> 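Here's a structure for you.
Just so we're on the same page: letters track the sequence lines, and every chain starts at 1. Computed from a prediction, not measured in an experiment: that's the story for all the values here.
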Amino acid sequence: MTNAQIAKLLRNVAASYAIKNEAKYRFQIIAYQRAADAIQSSTAEVKDLIKEDKLEGLPGVGPSIRAHLEELIKTGEVKHFEAIMKEVPNAVFPLLDVPTFGPKKAYKLVSHFGFKNPETVIADLKKVAGQGKIAKLEGFGEKSQQDILEAIEDFKEGNKKTKRMVLPYAAELAETILTYLKKSDVIIDAKPLGSLRRRLSTIGDLDFAVSTKDSKKAIDYFIAYPHKERIIEQGDISASILVSSGRQVDLMTQPPDSFGSLLQHFTGSKNHNVHLRELAIKKGMSLSEKGIKIKTKTGEKTEKYATEEAFYKALGMDWLPPEMREDTGEIELSLEHKLPQLIQLKDIKADFHLHSSFHIEPSHDMGISTMEEMVEKARHLGYEYIGFSEHNPSVSKHSQKEVYDILARRKDKIEQINESNKNIRVISLLETDILANGEIAIDEKSLSLLDGTLVSIHSAFNMNREDMTKRIIAGLSHPKAKILSHPTGRLLNQRPGYEVNFDELFDFVKRNTKALEINSWPERLDLPDIMVREAVKNGIKMVINTDSHAKDQMDMMQFGVSVARRGWATKQDILNTLSYNKFMDWLKK
DNA sequence: GCCGTTTTCGGCCCGACTGTTTTCAGTCG
């Protein structure tokens with residue numbers, strides 16, 4: 001059973017409690033939802049966590065839910081869950097996945113019409129809505145009947161085409177919308193919110209904060225967005241639209257003197273904010289997007305905050321980078337004024353994963369920009385040095401002698417570039433396959449031509465955990481193999497990573513002066529942020545690379561930096577912040 | 001049901017928007 005399935009089960013339990021008696025089970029409902037959130041966002045599978053006795057490490061999973069989950073993994077079902085859910089018709093649960101449907105609405109409709117089949121319930125509901133039968137129900141009307149039809153339609157569309165966007169694409173779309181917003185006369189400032197601002201690797205909806213003295217005009221301007229498909233909702237201070245790519249875009253407004261509270265409130269994460277508001281209550285404060293409500297002798301007043309810095313300061317905290325706001329210890333550090341200094345884009349002095357168009361006759365894809373073009377781009381980016389890491393020449397099409405000859409020509413070419421340009425030092429790297437047997441694809445003689453090599457997995461993904469771990473460690477064991485590229489092998493929205501024992505791998509990397517790559521490619525963003533955090537805790541060195549196949553892709557470094565920041569990495573954790581000489585010293589270790 | 005340097009008992013975040021309502025319930029973030 002996957003984490004997603006377990007999370008859904010816990011949400012169904014929460015929904016069942018809500019249907020039974022929401023007031024009575026209020027806190028159980030919250031508890032089950034929290035546990036579901038924690039499990040859904042965990043990188044480790046619940047069954048593995050149980051095996052390693054780490055399940056209680058998840059925030060929101062206590063003794064009771066842990067016992068239930070152990071029963072689930074052991075027997076495939078949980079008696080307690082079954083008992084609660086038995087009182088709710090099965091057909092309720094699929095409806096909960098449809099936006100605008102909560103437990104109450106789903107239950108009312110399913111029980112009134114007597115729907116029995118979870119498989120067909122959405123179609124069944126669409127049918128009775130089409131027949132005008134919902135509008136006649138108490139608590140429903142013509143409009144809500146129409147909304148139900150639209151929600152079902154959108155849901156079916158969404159299932160097909162609108163998965164979460166990877167960060168770089170979301171950032172691009174956001175930039176277009178921000179540019180539009182900033183053209184308005186009444187909009188003083190506009191900034192991204194939510195997961196976009198926290199720089200998650202994948203983004204669902206896009207949220208924006210707007211500073212304005214005239215929220216009505218700002219909202220009118222927003223809903224007139226040229227690529228708008230339709231308005232989802234429109235109120236006095238916020239609105240939501242659907243844009244033509246099928247994405248929902250939300251806008252929140254506040255006057256300039258409350259803009260700081262607005263940014264803070266909607267940047268989240270939910271857990272960060274809930275924790276913050278609980279702390280505030282203990283200080284007699286109440287937090288919202290409007291400011292901080294404080295009880296006074298005469299009544300209460302709301303202090304306004306124009307900046308987030310001032311808002312956090314009022315709570316006795318330092319401003320936190322949005323990437324850290326996940327309630328994983330950052331609030332405590334901020335209260336103690338001990339936040340780490342996260343790495344910034346300007347700290348980056350090099351990029352080691354560049355595929356040029358040099359004719360290397362590679363095992364995989366080639367770049368399209370010349371080495372010279374990429375060097376020029378590196379100069380523009382203010383780098384000090386770069387490394388070319390084309391895929392190794394195909395070993396199925398060439399003898400090792402031929403591989404050597406190609407690499408020797410490439411070495412000459414790199415030397416020539418180093419002689420002709422004084423701005424950027426170029427080092428001779430390669431992206432070498434780790435073969436299924438753990439050997440690296442090219443021989444000793446060819447390796448001797450390189451300053452070092454990145455190694456990576458591009459074949460035989462389906463090995464078991466133990467064999468894959470052995471394979472990677474074997475590949476990384478060669479003195480020239482220094483960096484493991486895209487370590488998990490995941491592709492966002494496409495495939496999960498291969499199975500590796502990362503405890504073992506981390507240990508090996510640390511003991512042998514190797515490094516793990518944070519790959520900035522939009523679908524990779526690999527190492528994932530959560531594992532970067534583990535790597536940082538364990539003192540593992542990393543590099544942030546773009547894996548560029550064209551010069552302009554070198555701009556994607558910012559996304560790798562975002563991943564590093566979400567993992568709390570500082571300059572000291574990332575090797576391409578080192579000067580050329582220091583990095584070369586490391587490479588030779 | 002979870003959680004803890006104010007608590008192992010007694011708390012548990014805050015508000016906007018919509019539709020169907022004459023004051024609120026449901027959903028969302």
Side-chain angles (χ1 to χ4, degrees), chain A residues 10 13-15 17-19 22-38 56 58-69 80-81 84 95-96 98-109 134-148 150-151 193-198 204-209 215 219 231-240 248-254 258 261-262 264-293 302 327 332 335-336:
Chain A
L10 294 175
V13 174
Y17 271 130
I19 291 164
E22 187 171 29
K24 184 175 170 190
Y25 297 112
R26 217 170 110 209
F27 298 109
Q28 278 91 335
I29 293 166
I30 294 171
Y32 274 97
Q33 285 167 342
R34 273 196 182 184
D37 289 343
E56 298 220 41
L58 288 180
V61 178
S64 172
I65 293 181
R66 175 180 53 81
H68 293 322
L69 292 180
H80 178 61
F81 293 177
I84 296 161
L95 281 178
L96 300 177
V98 182
T100 76
F101 279 82
K104 302 291 183 62
K105 189 153 99 180
Y107 179 69
K108 257 188 218 167
L109 292 167
I134 291 177
K136 297 192 185 86
L137 259 59
E138 197 184 334
F140 293 85
E142 284 294 338
K143 184 69 172 73
S144 51
Q145 178 171 269
Q146 195 53 39
D147 288 348
I148 286 169
E150 270 179 37
L193 294 169
S195 53
L196 180 62
R197 184 155 182 251
R198 300 200 314 282
D205 299 343
L206 297 183
D207 305 317
F208 297 97
S215 64
I219 285 171
I231 299 164
I232 296 169
E233 53 181 39
Q234 177 187 0
D236 295 336
I237 59 171
S238 69
S240 300
Q248 182 172 334
V249 182
D250 300 339
L251 192 81
M252 319 288 171
T253 70
Q254 281 293 322
S258 294
S261 341
L262 176 67
Q264 197 290 317
H265 186 86
F266 286 109
T267 295
S269 65
K270 186 172 136 195
N271 288 344
H272 176 86
N273 281 358
V274 168
H275 188 164
L276 221 55
R277 286 171 212 156
E278 283 172 355
L279 286 179
I281 287 172
K282 288 169 190 159
K283 296 183 181 182
M285 300 164 146
S286 171
L287 311 182
S288 79
E289 68 267 45
K290 293 177 171 164
I292 302 182
K293 216 186 285 173
T302 300
D327 194 23
E332 292 79 359
L335 283 164
E336 294 167 20

> Which whole number of Å gives the distance between the C1' atom of dT7(B) and that of dG11(B)?
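Roughly 8 Å separates the two C1' atoms.
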> At their closest point, which heavy atom of P103(A) faces which heavy atom of A15(A), and how far apart are they?
CB-O, 3.8 Å
> In whole angstrom, give the distance that lies between atom CG of L96(A) and atom P of dG26(B).
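Going from CG in L96(A) over to P in dG26(B) covers 14 Å.
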> Could you report the tightest heavy-atom contact between R198(A) and T267(A), atom names first, then the distance?
NH1-O, 2.7 Å
> Is the closest side-chain heavy-atom distance between L95(A) and Y107(A) below 4.5 Å?
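No, side chains not in contact.
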> Using the side chain to side chain contact (heavy atoms under 4.5 Å, CB included) definition, which of the options I231(A), D205(A), D250(A) pairs with S240(A)?
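That would be D250(A); it is the only one of I231(A), D205(A), D250(A) passing the side chain to side chain contact (heavy atoms under 4.5 Å, CB included) with S240(A).
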> Indicate the atoms forming the closest heavy-atom contact of S261(A) with E289(A), along with that distance.
CB-O, 3.3 Å
> Can you check the I232(A) CD1 to dG19(B) P distance for me, whole Å?
13 Å
> Can you tell me how far C1' in dC12(B) sits from the matching atom in dA16(B), rounded to whole Å?
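Their C1' atoms lie roughly 22 Å apart.
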> Rounded to the Å, how far apart are K104(A) NZ and dA25(B) C1'?
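Between C1' of dA25(B) and NZ of K104(A): 8 Å.
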> Are any non-hydrogen side-chain atoms of H68(A) and L10(A) less than 4.5 angstrom apart?
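Sidechains of L10(A) and H68(A): no contact.
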> How close or far is atom C1' of dG29(B) from atom CG of L206(A), stated in whole angstroms?
14 Å
> Using a cut-off of 4.0 Å on non-hydrogen atoms, how would the nucleic acid contact of F101(A) be classed: base, sugar-phosphate, or nothing?
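The answer is sugar-phosphate, as F101(A) gets under 4.0 Å only of primed atoms, P, OP1 or OP2.
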> Output one line per pair: protein atom, nucleotide atom from nucleotides 14-16 of chain B, and distance, for all N/O pairs under 3.5 Å.
from: dC14(B); atom 1: OP1; to: S286(A); atom 2: OG; distance (Å): 3.1
from: dG15(B); atom 1: OP1; to: K293(A); atom 2: NZ; distance (Å): 3.4
from: dA16(B); atom 1: OP1; to: K290(A); atom 2: NZ; distance (Å): 2.4
from: dA16(B); atom 1: O3'; to: S238(A); atom 2: OG; distance (Å): 3.3

> When both hydrogen-bonding distances must be under 3.5 Å and the geometry is Watson-Crick or G-U wobble, what is dT8(B) paired with, if anything?
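By the stated definition (distances under 3.5 Å), nothing pairs with dT8(B).
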> Please work out if Y25(A) contacts a base, only the sugar-phosphate, or nothing of the nucleic acid, heavy-atom cut-off 4.0 Å.
nothing
> Answer yes or no: does a side-chain N or O of S240(A) lie under 4.0 Å from OP1 or OP2 of dC17(B)?
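So the side chain of S240(A) is outside the cut-off, no N or O lying under 4.0 Å from OP1 or OP2 of dC17(B).
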> Which pair of non-hydrogen atoms, one from S215(A) and one from I237(A), has the smallest distance, and what is that distance?
OG-CG2, 4.3 Å
> Please verify the inter-ring angle class for Y17(A) with H80(A); under 30° counts as parallel, over 60° as perpendicular, anything in between as tilted.
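Aromatic pair Y17(A)/H80(A) classed tilted.
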> If I take atom CG in residue D37(A) and atom P in nucleotide dG1(B), what distance separates them, rounded to the nearest angstrom?
18 Å
> Which of the following nucleotides, dG1(B), dG29(B), dT27(B), is nearest to the side chain of K105(A)?
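Closest of the options to the side chain of K105(A): dT27(B).
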> Specify the residue among R66(A) and T100(A) whose closest nucleotide of DNA chain B lies further upstream toward the 5′ end.
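Closest to the 5' end, via its nearest nucleotide, is R66(A).
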> What integer number of Å spans the C1' atoms of dT5(B) and dG1(B)?
24 Å
> In whole Å, what is the span from the CD atom of E278(A) to the C1' atom of dG10(B)?
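One finds 13 Å between C1' of dG10(B) and CD of E278(A), rounded.
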> For E142(A) and V274(A), find the nucleotide of DNA chain B closest to each by heavy atoms; which residue's nucleotide sits nearer the 5' end?
V274(A)
> Under 4.0 Å between any heavy atoms, over every strand shown, what does H272(A) touch: base, sugar-phosphate, or nothing? Just pick one.
nothing
> Give the rounded distance in Å between these two atoms: CG of L251(A) and P of dC17(B).
11 Å
> Write down the atom of R66(A), the atom of V61(A), and the distance for their closest heavy-atom approach.
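Looks like N-CG1, 4.0 Å.
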> Distance check: side-chain N/O of K143(A) vs OP1/OP2 of dG19(B), anything under 4.0 Å?
yes
> Between dT8(B) and dC2(B), how many Å separate the two C1' atoms, rounded to a whole number?
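After rounding to an integer number of Å, I get 12 Å for this pair.
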> Expressed in whole Å, how much space separates the P atoms belonging to dT20(B) and dC14(B)?
30 Å
> If we take the P atom in both dT21(B) and dT27(B), what is their distance in whole Å?
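These two P atoms come out 16 Å apart once rounded.
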> Is there a side-chain contact between R34(A) and P59(A) (heavy atoms, below 4.5 Å)?
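Counting from C-beta outward, R34(A) and P59(A) never come under 4.5 Å.
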> How close do A151(A) and P99(A) get, heavy atom to heavy atom, and via which atoms?
CB-O, 3.7 Å
> Give me the distance, rounded to whole Å, that separates dT23(B) from dT18(B) when you measure between the C1' atoms they each carry.
15 Å
> Could you state the CD1-P distance from I148(A) to dG19(B), rounded to the nearest angstrom?
12 Å
> Restricting both atoms to N or O, compile the protein contacts to nucleotides 3-8 of chain B shorter than 3.5 Å, with distance only.
from: dC3(B); atom 1: OP1; to: G60(A); atom 2: N; distance (Å): 2.7

> When you compare the ring of F27(A) with the six-membered ring of dC2(B)'s base, are the centres less than 5.5 Å apart and the planes under 30° from each other?
no
